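These notes concern the structure reproduced below.
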Amino acid sequence: MSAAPHPRELLLIGGGGEMTLSVDVAVQALEQARARGLRTHVTNRADTLAATPAVTAAADTATAVDFARPGDTADWAAGRAADGERPALVFGVREMAQEAVAATAHALELPGNPPAAVRRIRTKDACRAALAAAGFRQPAVRVCRDASEARAFLAATAGPWVVKPRDGADSAGVRKVTGPDDLPAALAQLPDREAPFLVEEFVDGGEFSVEGVFVGGSPRVLAVTAKEKLPPPYFVEIGHVLPADLPEETRRSVEETVTAALTALELRFGLFHVELWLTAEGIVLGEVHVRIGGGWIHRMLPHVRPGLELYGTVYDDALGLPVDLPASLPAPERAAAARYFAPPEGRVTAVSGWDAVRTHPAVLHAELRVGPGDVVPGFRSGGDRVGAVVVGAATPAEARELARELVASVHFTVEPVEPVDAVDMGDDVPEVRVDLEPRPLTSSFRISHMTIETVDHLRLRLLQGGRTVGEGEITADSGYGQDGPAIAAEAEALARTLAAARDDAHHGADPVAPLRVALEKAAADGVGAPARMLVEMAFLDRAARRAGVPVWRLLGLPEPGRVRLLHTVPIGEDIPLDGRPLKIKLGGADDEQILRSLLGVPAPLILDANRGWDRQDWERLRPLLAELAPAVLEDPVRDPALLPAIRAALPGTAVVLDEGIATAGDAAFAVGTAGGLNVKLMRFGGILPALDALSDATEKGAARMLGCFLEPPRAIAYAAQLAGLCDWSDLDGHFWVSDDRPVPSYGLDSDAPGIPRIAYTPEPARGEAAAI
């Protein structure tokens, strides 16, 4: 009897983002697939999968695959297809996932947009150049690498201008500039200050967008949307009305221009959202996207065109099913509008009027994400939105007015928030000094996906009167995406802010609380984890020196005791058989041979595959792993859906996740899916967030490992202060960075206040206390 055929599958790459709008879009896309009998498989980053349970619950399967690496996503999908798990359709609803969607569809020979066409529209200057070459009006634009190039462009063109990221979303980092004096503030708002950016001429005109879907490779316009934005210098959308109240002739001209542009750009699949301006000179095209527009347009369109299923239309067309959507649609006969809340900045003390709004009969959707106690940030990008109201009405004018009235009827009472710059880190302002030096490793270090030869050594010192009063030290490795110069610049800027801050009075005698607040704000502002760790080390070292205690005692941690290390064996190196706990690096072509060589080894085994195995690898190696019964299995597979089966097959083995575990959400995901985690301070941003993750894991009875990258002895000693909270310590990364000779264990010398030093005292005899 033959096996029943597998149902056709939708592969939704990138899932949904953490914002409620993005989750709602992804869930709708999955529901409309399920209604057509499609099995659904979602991919996303591990932390976002953990933070979007509604999306994973709506899917049949979820896998952690980073859509920011389109080639990796395509290779992963091709591997599944080779194993007989071939999707019928590849799709994505998120802007940042579209290149991975196109690359995967191309690799699998499924319907999709050409990868080159998607890369072109996602690179804003390249899209402008292509549209201009095709004869469409475009503002002058230049890719700039620094302020001097931007000033040169301003001098050569007529203003005003707009500064924006070369690749971005939600209007983040977009700012109007009226002259050279405005440039420094605009450049400071860019999300990545090291990356090239755009400066383009400001377009003066009403802003609109065109929403539609491709059918048979041709664009079909569903509606034109009118936008309302906050006044410059920022360009944040505050409201939308659909359909735009335009004369019929203008609407037709807009639709014809957009469909011609999409054809010229060689786009042919999925949904589209094209922005434009109506100016005195005519239509000027803006950004082009192959996904539905934001601003709850995905809720508004089905209201104004009853019976429309946005994602279902795409699926039906791709699967060869009939789609009843003529090339030219009449204007919708009813309307919808969305408007965002924009309360004043500050801490919310009271909200009134919300219940009446959310229960209003014309409301299609309403959400409010702030309440008493929450802090409302400045409204500078889509990520700063705190809620919205979406309504339906008979006409565009009625919908616009109703949305405005309902939003205005909700009243926020706020109080000023003391800025972090007012936090006191001491009586004197120290000098900040950051040094960077490339440093070769003492020997090459190879894991499943790379070989490391050199790291950047970074040292941050707080100086007073020429004397070091606090010091942090880390190394950065580009193979792990750690950019040494960028980390140094971030850390120096953050340290200078904290060094000049003052606020002990607000936190009583606790010297750690203000630092924690400042670092949490820095994380929210996008400062990277390595830079935060470097700054945290220096300021905790300073605070502990002032208190006359080691850092671990300042934080109320248990005394670390002796740190017994795993003996890490990189791929290709001989395995010692002297009884020490062995950490074996796997994930290569010789895994089966390596595992067989370990049979009968009289030592605890910790096996680390660095997510190097797929389902086929696991099934092939499972009998050997069951016979070996390792103490720990670290990051065994790329697909977290395999973890329950792995845990069931190895009941005496602690399974822990490491790769991608960098936030509280990641830690919760690791504990929930694998039952254990490996905490690395360079990923979490320091000892304070790592301590929170380990404390939560302890409460839930999870396995806890303390790990590291290739780091200097001071950073290793800093992390080792948490060893007393962990089941296993994998803190030997300094043996590749320094001249320290590898040993099976070490203590911490806490005689001097501040960050302890590693003490290579002999292993105490059984029954004797460790000398540390």
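Since the structure is predicted, the reported quantities are computational estimates derived from the model, not experimental observations.
- Between the side chain of E99 and the backbone N or O of R119 there is no donor-acceptor pair closer than 3.5 Å.
- Residue E249 places its CD atom among 12 or fewer non-hydrogen atoms of other residues, nucleotides or ligands, all under 6.0 Å distant.
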Item to check | Verdict with reasoning, T663 to D666, per side-chain hydrogen bond (donor to acceptor under 3.5 Å, both in side chains) | outcome: CA-CA 5 Å; T663 66; D666 297 337; 3.3 Å; yes

Next on the checklist: As a quick check of understanding, evaluate side-chain contact (heavy atoms from CB on, under 4.5 Å) for T43 and W76, giving each step before the final call.
Outcome noted: CA-CA 11 Å; T43 70; W76 168 83; 3.5 Å; yes

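- Remark: D324 CG is loosely packed, at most 12 non-hydrogen atoms of other residues, nucleotides or ligands lying under 6.0 Å away.
- Put simply, the side chain of L285 reaches to within 4.5 Å of the side chain of Q138, judged on heavy atoms.
- In this structure, CD on Q32 lies 12.5 Å from OG1 on T40, to the nearest 0.5 angstrom.
- Between L198 and R142, the closest side-chain pair of non-hydrogen atoms is not below 4.5 Å.
- Inter-residue side-chain proximity for R305 and L329 is flagged as met; some heavy-atom pair is nearer than 4.5 Å.
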Item to check | Stepwise side-chain contact (heavy atoms from CB on, under 4.5 Å) check, R122 with M96 | outcome: CA-CA 9 Å; R122 294 215 62 251; M96 299 301 181; 2.9 Å; yes

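- Applying side-chain hydrogen bond (donor to acceptor under 3.5 Å, both in side chains) to H289 and the options E95, Q98, H273 leaves one that passes, E95.
- Looking only at distances, no side-chain donor or acceptor of T123 sits under 3.5 Å from a matching main-chain atom of R120.
- Taking a cutoff of 4.0 Å between a charged side-chain nitrogen and a carboxylate oxygen, E275 and K227 qualify as a salt bridge.
- Nearest heavy-atom pair, A366 versus R358, reported as atom, atom and distance to 0.1 Å: CB-CA, 4.2 Å.
- Side-chain contact between L89 and R8 is absent, with no heavy-atom pair separated by less than 4.5 Å.
- Between R128 and E200 there is a salt bridge, since at least one side-chain N of the basic residue sits less than 4.0 Å from a carboxylate O of the acidic one.
- Inter-residue side-chain proximity for R339 and V389 is flagged as unmet; no heavy-atom pair is nearer than 4.5 Å.
- One finds the CH2 atom of W296 at 4.5 Å from the CG atom of D24 (value rounded to the nearest 0.5 Å).
- The minimum heavy-atom distance between A50 and F669, with the atom names listed, is CB-CB, 3.2 Å.
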Item to check | side-chain contact (heavy atoms from CB on, under 4.5 Å) assessment of L267 paired with V288 | outcome: CA-CA 10 Å; L267 300 169; V288 178; 3.9 Å; yes

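- G216 and D317 get closest at one heavy-atom pair: N-OD1, 3.0 Å.
- No side-chain heavy atom of R291 sits less than 4.5 Å from a side-chain heavy atom of R94.
- Inter-residue side-chain proximity for F67 and N44 is flagged as met; some heavy-atom pair is nearer than 4.5 Å.
- Side-chain atoms of S22 do not come within 3.5 Å of backbone N or O of E18 as any donor-acceptor pair.
- Taking 4.5 Å as the limit, every side-chain heavy atom of L265 sits out of range of all side-chain heavy atoms of F272.
- In this structure, the side chain of Y311 does not engage the main chain of E31 through any donor-acceptor pair within 3.5 Å.
- For S409 (side chain) and L406 (main-chain N/O), a donor-acceptor pair under 3.5 Å exists by modelled atom type.
- Going from atom CG of L246 over to atom CG of L278 covers 6.5 Å, rounded to the nearest 0.5 Å.
- The shortest heavy-atom contact between P87 and V90 is CG-CG2, 4.2 Å.
- Side chain of R299 to backbone of V390: no donor-acceptor contact under 3.5 angstrom is found.
- Residue E9 forms a salt bridge (Lys or Arg N to Asp or Glu O under 4.0 Å) with just one option from R34, R86, R36, R80, and that option is R80.
- Atom CH2 of W354 and atom NE2 of H411 lie 14.0 Å apart (nearest 0.5 Å).
- Separation of atoms NE2 (H41) and CG (D60) is listed at 10.0 Å; rounding is to 0.5 Å.
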Item to check | From CA spacing to verdict: side-chain contact (heavy atoms from CB on, under 4.5 Å), L49, V42 | outcome: CA-CA 9 Å; L49 284 175; V42 168; 4.2 Å; yes

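- The CG atom of D204 sits 9.0 Å away from atom CD of E281, with the distance rounded to the nearest 0.5 Å.
- For the residue pair A105 and G112, the shortest heavy atom distance occurs at CB-CA, 4.2 Å.
- Between P111 and A318, the shortest heavy-atom distance links the atoms CG-O, 4.0 Å.
- Annotation for E405: atom CD counts as buried by contact number, over 12 foreign heavy atoms lying within 6.0 Å.
- Not a single donor-acceptor pair under 3.5 Å links the side chain of N113 to the backbone N or O of A102.
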